[in-house]
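Here is how names work: the chains are called A, B, and so on, in the same order as the sequence lines, proteins then strands, and each is numbered from 1.
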Amino acid sequence: MSELKQSRPKGTQDFVPPDSERRLQVGATFRRLAETYGYRAIITPTFEHTAVFVKSSGETSDIVTKEMYSFKDRAGRDLTLRPEGTPGVVRAVLENQVRMPCRLYYVGPCFRYSRPQKGRYREFGQLGIEALGEAGPLTDAEVIFLGGAFFGSLGISDCRTQVNTIGCRECRPAHRDALRTYLLERREQLCEDCRLRIERNPLRVFDCKVETCRQAARDAPTPRHYVCPACKAHFEQVLANLDRRGLPYDVNDRLVRGLDYYNRTTFEYISASLGAQDSLGGGGRYDYLVEEFGGPATPAIGFALGLDRALLTAPKASVPARRELAFVVWLTEAEIGPAEKLADRLRADGIATQIDYDARKVKGQFKSADAAQAACCIVIGPDELVKGVYSLKNLATGEQREVPADAITAEVRKLFTEQDSRGLVPGTLES
RNA sequence: GUGAGUGUAGCUCAAUUGGUUAGAGUACCUGACUGUGGCUCAGGAUGUUGUGGGUUCGAUUCCCAUCACUCACCCCA
């Protein structure tokens with residue numbers, strides 16, 4: 001293996017065909033689905049002022065304390081590659097005074113500085129939606145359902161949906177106090193991290209995987225048992241609606257999520273086939289965030305799904321044997337001109353067309369066509385020029401026949417659809 | 001940030017207790033086929049064994065360091 005001077009930075013990925021196409025397709029599936037539910041695209045910068053993330057994700061969150069790609073630009077501004085999508089969206093909505101309520105979706109890269117492993121990269125793709133200005137539980141259920149529908153449309157069958165409620169401003173303090181008291185009584189059993197969490201964010205103890213902490217947390221007061229009547233009713237309606245829609249879910253008392261800004265409904269999609277990083281995505285309600293950004297009090301809910309993890313979990317569609325690509329083959333240099341002209345004509349007609357200008361022999365051109373997975377070759381030789389025809393060869397079946405020059409576009413189209421219907425081009429990812 | 005494992009041809013992997021010329025499949029190139037790919041047959045090319053040190057008469061094999069990748073902790077997408 002010869003030494004490459006440059007290799008990709010740790011935790012980043014290259015996508016070469018056909019993986020690149022598959023990845024784009026997943027994004028396209030998401031876009032289409034989101035649009036089906038009335039969401040519209042929002043595009044925000046890949047980096048923001050660092051304060052945007054510190055303020056929204058929480059100063060004590062792991063993302064902010066140790067996972068951000070932060071840097072100073074040449075004018076000394078403090079900037080950060082976005083570790084998640086929501087803060088930038090909220091900032092942009094306020095900055096542009098987008099009329100609310102509004103439903104927005106985004107697809108794009110996010111960055112976190114953590115040690116890479118299966119399903120976890122330093123640059124990763126997120127697919128997200130944010131519904132701003134909708135307060136009701138039916139929105140929560142619809143959002144949760146939409147995420148489930150997305151994984152379903154990718155053919156992911158082992159996705160489980162977990163939901164929980166963590167209460168609101170009114171009921172959270174009561175629970176927090178109860179939890180703190182409970183944890184302080186069992187301080188000895190807790191790991192170092194969890195002892196710190198008691199003061200900073202006791203909810204996180206529920207997330208801890210240390211066995212003694214799990215035991216200690218088993219009977220700890222959960223948020224759900226302390227929620228106020230309003231939150232309780234809200235959650236019950238969310239669940240009732242999920243039932244009505246037929247989306248299976250598990251209520252998970254310990255599901256609290258890593259971002260500080262959530263309230264009431266939280267949810268997460270889990271896959272068994274992902275390994276340690278088993279979360280396909282998650283989200284929740286964040287009714288206070290817009291206000292904290294200096295905007296008007298605005299209820300909101302959203303989710304972020306992992307593009308890479310979706311790709312990892314989704315069954316691999318068989319790679320198409322043939323692409324809708326025509327390949328023009330010339331015999332002698334005298335035909336290069338006509339070949340080029342024909343290719344341009346086909347392209348103008350919307351047919352992807354390629355020529356091998358470099359291959360000296362016909363055989364080499366056919367090999368190129370085969371390697372490119374072209375559906376057909378169109379041969380131009382001295383004979384064809386005299387007769388005013390092209391020889392059209394179907395590379396899947398091997399049949400070749402002469403077609404009149406002015407019928408070539410129609411014939412190629414016909415050949416494409418014939419290959420499709422004969423199943424020579426297996427279905428793509430979405431079907 | 002912590003731990004473990006793995007680095008041999010473009011790819012997937014071999015190489016007996018350290019033994020001299022590092023192999024196979026596949027992919028690639030050429031020819032059989034001078035206007036035709038995919039099949040078949042016959043040939044061909046390819047490696048500083050990740051890198052740098054060390055032990056040894058001799059290292060792909062053992063030791064140390066380093067880099068990269070992978071998995072896990074952590075965290076989450």
*Asks:* Mapping A:Leu307 and A:Gly275 to their closest nucleotides on RNA chain B, which lands nearer the 5' end?
*Replies:*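 Nearer the 5' end of the strand: A:Gly275.
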
*Asks:* Between the base of B:U36 and the side chain of A:Gln365, is there a donor-acceptor distance below 3.5 Å?
*Replies:*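 Side chain to base: no pair below 3.5 Å.
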
*Asks:* For A:Leu184, is the CG atom crowded, meaning more than 12 foreign heavy atoms sit under 6.0 Å from it?
*Replies:*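 It does: A:Leu184 CG has more than 12 such atoms within range.
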
*Asks:* Taking the same atom, C1', in B:G7 and in B:G47, what whole-Å distance lies between them?
*Replies:*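 About 14 Å, rounded to a whole number of Å.
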
*Asks:* Taking N and O atoms by type only, does the side chain of A:Lys393 place a donor or acceptor under 3.5 Å from a partner on the base of B:U36?
*Replies:*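 Under the 3.5 Å cut-off, the side chain and the base do form a donor-acceptor pair.
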
*Asks:* At under 4.0 Å, does any side-chain N or O of A:Lys363 touch on OP1 or OP2 of B:G37?
*Replies:*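 Looking at the OP1 and OP2 atoms of B:G37, one of them is under 4.0 Å from a side-chain N or O of A:Lys363.
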
*Asks:* Tell me if the side-chain of A:Gln117 makes a donor-acceptor pair with the base of B:C74, cut-off 3.5 Å, by modelled atom types.
*Replies:*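 When only heavy-atom distances are counted, A:Gln117 does reach the base of B:C74 through a donor-acceptor pair under 3.5 Å.
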
*Asks:* Any idea how A:Phe145 and A:Tyr37 line up, ring-wise: parallel (<30°), tilted (30 to 60°), or perpendicular (>60°)?
*Replies:*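 Judged by the thresholds at 30° and 60°, the geometry between A:Phe145 and A:Tyr37 is tilted.
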
*Asks:* Taking only the side-chain heavy atoms of A:Leu331 (C-beta and beyond), determine which of B:C74, B:G35, B:G37 contains the nearest atom.
*Replies:*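 From the listed options, B:G35 comes nearest.
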
*Asks:* Given A:Ile351, which partner from the list A:Leu325, A:Ile408, A:Val412 fulfils the side-chain contact (heavy atoms from CB on, under 4.5 Å) test?
*Replies:*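 Output: one option passes, namely A:Val412.
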
*Asks:* Can you tell me the base-pairing partner of B:A27? Count Watson-Crick or G-U wobble geometry only, both distances below 3.5 Å, and say none if there is no partner.
*Replies:*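 Across all strands, not a single nucleotide pairs with B:A27.
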
*Asks:* Do other residues, nucleotides or ligands put more than 12 heavy atoms under 6.0 Å from A:Arg31 CZ?
*Replies:*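 Counting neighbours around CZ of A:Arg31, 12 or fewer heavy atoms of other residues, nucleotides or ligands fall under 6.0 Å, so no.
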
*Asks:* Kindly point out which of B:C74, B:G38, B:A72 is positioned nearest to the side chain of A:Ala276?
*Replies:*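 Among B:C74, B:G38, B:A72, the one nearest the side chain of A:Ala276 is B:A72.
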
*Asks:* Counting side-chain heavy atoms from CB outward, which of B:C71, B:G35, B:C74 is closest to A:Lys118?
*Replies:*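 Closest nucleotide to the A:Lys118 side chain: B:C71.
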
*Asks:* How many Å lie between NZ on A:Lys66 and P on B:C73, as a whole number?
*Replies:*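 Atom NZ in A:Lys66 sits about 14 Å away from atom P in B:C73.
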
*Asks:* Look through every strand shown and name the nucleotide pairing with B:A65 as Watson-Crick or G-U wobble, where both distances are under 3.5 Å.
*Replies:*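 Paired with B:A65, as far as the under-3.5 Å criterion goes, is B:U51.
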
*Asks:* Just compare B:C69, B:C33, B:G35 and give me whichever is closest to any side-chain atom of A:Glu384.
*Replies:*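 Given the options B:C69, B:C33, B:G35, the side chain of A:Glu384 is closest to B:G35.
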
*Asks:* Looking at every strand, decide which applies to A:Leu127 at a 4.0 Å heavy-atom threshold: base, sugar-phosphate, or nothing.
*Replies:*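 Touches nothing.
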
*Asks:* With stacking defined as ring centroids separated by under 5.5 Å and planes differing by under 30°, is A:Phe366 stacked against B:G37?
*Replies:*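 A stacking contact does not exist, since A:Phe366 is not both close and nearly parallel to the base ring of B:G37.
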
*Asks:* A:Tyr113 ring centre to A:Arg122 NZ or CZ under 6.0 Å, with the angle to the axis within 45°?
*Replies:*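 Judged by the rule, A:Arg122 and A:Tyr113 form a cation-pi pair.
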
*Asks:* Which whole-number value in Å describes the distance from A:Phe327 CZ to B:G38 P?
*Replies:*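 Atom-to-atom, A:Phe327 to B:G38, this comes out as 14 Å.
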
*Asks:* Starting from C1' on B:G37, measure out to CD on A:Gln354 and report it in whole angstrom.
*Replies:*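 Roughly 14 Å, once rounded to whole Å.
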
*Asks:* How many whole angstroms separate atom CD of A:Gln373 from atom P of B:G37?
*Replies:*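 That distance rounds to 18 Å.
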
*Asks:* Could you check which of B:G37, B:G35, B:A77 has an atom nearest any side-chain atom of A:Ser279?
*Replies:*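 Selected nucleotide: B:A77.
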
*Asks:* Specify the separation, in whole Å, of atom CD of A:Glu67 and atom P of B:G1.
*Replies:*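 Those two atoms, CD and P, are 12 Å apart.
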
*Asks:* Which of the following nucleotides, B:G35, B:C29, B:A77, is nearest to the side chain of A:Lys367?
*Replies:*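 Among B:G35, B:C29, B:A77, the one nearest the side chain of A:Lys367 is B:C29.
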
*Asks:* Choosing from B:C74, B:G1, B:G38, which nucleotide comes nearest the side chain of A:Arg115?
*Replies:*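 Closest nucleotide among those given: B:G1.
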
*Asks:* Can you tell me, in whole Å, how much space there is between the C1' of B:C63 and that of B:G25?
*Replies:*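 Nearest-Å result for B:C63 against B:G25 at atom C1': 34 Å.
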
*Asks:* Checking only heavy atoms, does the side chain of A:Arg309 share a donor-acceptor pair with the base of B:C76 at less than 3.5 Å?
*Replies:*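 It does, because a donor-acceptor pair links the side chain of A:Arg309 to the base of B:C76 below 3.5 Å.
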
